[in-house]
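Below, chain A is the first sequence line, B the second, and so on; all start at residue 1. Remember, it's a predicted structure, so these values are computed and weren't measured experimentally.
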There are 2 protein chains.
Amino acid sequence: MTVAQKILDAEKTMGSGKSVESFTIGQLSRETGCKVPTIRYYEQIGLLPEPGRSAGNQRVYGQQHLSRLAFIRHSRELGFSQAEIRQLLELSDHPDQPCAEINAIAQKHLDEVNHRISRLESLKAELERMVHACQGGKVEDCRVIDTLADHAHGNCLTAEH
Amino acid sequence: MTVAQKILDAEKTMGSGKSVESFTIGQLSRETGCKVPTIRYYEQIGLLPEPGRSAGNQRVYGQQHLSRLAFIRHSRELGFSQAEIRQLLELSDHPDQPCAEINAIAQKHLDEVNHRISRLESLKAELERMVHACQGGKVEDCRVIDTLADHAHGNCLTAEH
DNA sequence: CTAATGTCTCTAGTAACTATAGCTTCAAGA
DNA sequence: TCTTGAAGCTATAGTTACTAGAGACATTAG
Ligand SMILES: [Zn+2]
Ligand SMILES: [Zn+2]
Ligand SMILES: [Zn+2]
Ligand SMILES: [Zn+2]
């Protein structure tokens, strides 16, 4: 079933003349790719506003929840932290403001990603060196163990790690 | 009573006639670069064996603790998980065995590091693209917000993330 | 109507520590 | 010897971003 069909369906079942799109938590989950417990968790920590409830106490979401959750999900996929997402959401709620802050958050995140990459690159170099040095003998003579045991970093490219 | 006397005392109480060097937790911390609470934590989770205690109930470490903690620390610096370190320690306690398993653990870790790098590289590409697209206008028109809000990944290099 | 699936709340667990509180012990100076 | 400050002790809780489970209620397909 497509989104549009679901929306129409929801409208019909609510017998509403107005175009009220609504979703259960499961539908929202399928639409956004967020797991159901994750959606409830986002509500709990205040990332996603509390939705209305049906007669049977089940959550009823609207279009704005879908958009917001999709935003959150996409941001998480790009590695933004909850704190950063909170700021991004707050800023995106003020369309008239200049977007400098938004760009700054994204840039800062990019810097951090670059930093993580360079750290991992040096780990990679160390690990390759270590794995390469292993001659496949006994543990006693293993260069991997040697390297790890040598706290003076005698076998390391750098002692920075 | 001086430190030296206490150490001798501890050595005696440990039944050792040999000149066993011993350390307080603070000394161990300085030697290895592990913070004091981290050392206690490693003991708690069973990575580091329980040391002896002085008359005043303070931990008294020996050379073997120093070596083992240094090993742990170096492994952590290279990104090995606690579970991996546990295996490495277990294996290194059997010097007669072949070292194939050790190398396999290191190789597996290397693979994982490579995987993380490639993931971060694609995040980096996305983020650069996004940051670049921002023209510095109002939030309303910000391409960063656009990109994040678009769950269809219309502005993304790939939708894989 | 019934069975299956979906949803509810609440609690606790994950990795790998870090921080805090309130206490005791130790080393060294006056 | 007294005292003061640093170091050490235990125990608990917080961090990030969820995930898993238990046990009860709601909804829906056949
Ligand atoms: Zn080897
Ligand atoms: Zn090293
Ligand atoms: Zn912008
Ligand atoms: Zn995308």
Side-chain angles (χ1 to χ4, degrees), chain A residues 1 6 9-10 12-14 22-48 50-61 65 69 72-87 89 109 112 116, chain B residues 1-10 22-48 50-61 65 69 72-87 89 109 112 116 161:
Chain A
M1 200 188 257
K6 236 171 244 162
D9 198 37
K12 273 183 213 156
T13 57
M14 295 188 76
S22 51
F23 312 90
T24 67
I25 199 169
Q27 288 168 336
L28 207 62
S29 170
R30 261 164 266 132
E31 291 295 326
T32 59
C34 283
K35 291 177 191 156
V36 168
T38 305
I39 298 174
R40 288 197 278 250
Y41 166 71
Y42 285 158
E43 177 183 328
Q44 201 191 319
I45 63 168
L47 261 192
L48 196 62
E50 288 186 27
R53 296 291 180 125
S54 73
N57 197 37
Q58 302 197 346
R59 290 171 177 82
V60 180
Y61 294 97
H65 294 101
L69 183 55
I72 292 168
R73 165 81 167 162
H74 203 180
S75 303
R76 284 294 300 133
E77 283 172 339
L78 291 172
F80 288 95
S81 70
Q82 281 180 8
E84 286 167 332
I85 293 173
R86 234 176 267 272
Q87 295 176 61
L89 283 168
H109 181 49
E112 206 187 277
R116 276 192 243 167
Chain B
M1 199 188 259
T2 69
V3 180
Q5 281 172 324
K6 241 169 236 158
I7 288 170
L8 285 172
D9 197 41
S22 47
F23 312 90
T24 67
I25 199 168
Q27 289 169 333
L28 207 62
S29 169
R30 260 163 268 133
E31 291 294 326
T32 60
C34 282
K35 292 178 190 160
V36 168
T38 304
I39 298 173
R40 287 196 279 249
Y41 167 71
Y42 285 157
E43 178 184 329
Q44 200 191 319
I45 63 169
L47 261 192
L48 196 62
E50 288 186 28
R53 296 291 180 126
S54 72
N57 198 36
Q58 302 199 345
R59 288 171 177 81
V60 181
Y61 295 96
H65 294 101
L69 184 55
I72 294 168
R73 165 81 167 162
H74 202 179
S75 302
R76 285 293 302 133
E77 284 172 338
L78 291 172
F80 288 95
S81 69
Q82 280 180 8
E84 288 167 331
I85 294 172
R86 234 177 268 271
Q87 296 177 60
L89 283 168
H109 181 50
E112 206 188 278
R116 274 193 245 165
H161 45 249

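For the pair B:Q58 and B:F80, nearest-nucleotide mapping onto DNA chain C gives the more 5' position to B:F80. Mapped onto DNA chain D by nearest heavy atom, A:A55 and B:N57 fall at different nucleotides, with B:N57 at the one closer to the 5' end.
When all heavy atoms are compared, the tightest approach of B:R86 to B:L47 is CG-CD2, 4.0 Å. Closest approach of B:I72 to B:Y42, counting heavy atoms only: CG2-CE1, 3.7 Å. Shortest non-hydrogen contact noted between B:S29 and B:C34 is OG-O, 2.7 Å.
Among residues at least two apart or in separate chains, there is no salt bridge (Lys or Arg N to Asp or Glu O under 4.0 Å) pair with a member in residues 27-40 of chain B. For residues 72-82 of chain A, the pairs satisfying salt bridge (Lys or Arg N to Asp or Glu O under 4.0 Å) are A:R73-A:E77, with sequence neighbours left out.
The distance from atom CD1 of B:I25 to atom P of C:dT25 is 17 Å, rounded to the nearest whole Å. Put simply, CG on B:L48 is 13 Å from P on C:dC17, counting in whole angstrom units.
By the ring pair (Phe, Tyr, Trp, His ring centres under 6.0 Å) test, A:Y61 is found to be paired with A:H65, residues two or more places apart in sequence or in another chain being considered. With sequence neighbours excluded, the residues that form a side-chain hydrogen bond (donor to acceptor under 3.5 Å, both in side chains) with A:E43 are A:R59.
For C:dC8, the OP1/OP2 oxygens have a side-chain nitrogen or oxygen of A:R59 closer than 4.0 Å.
For the contact set between residues 35-47 of chain A and DNA chain D, defined by any heavy atom under 4.0 Å, the members are A:K35, A:T38, A:Y41, A:Y42.
The footprint of chain A on DNA chain D, defined by a heavy-atom cutoff below 4.0 Å, extends from D:dA17 to D:dT27.
Although no hydrogens or angles enter the test, the distance criterion places no donor-acceptor pair under 3.5 Å between the side chain of B:H109 and the main chain of B:E84.
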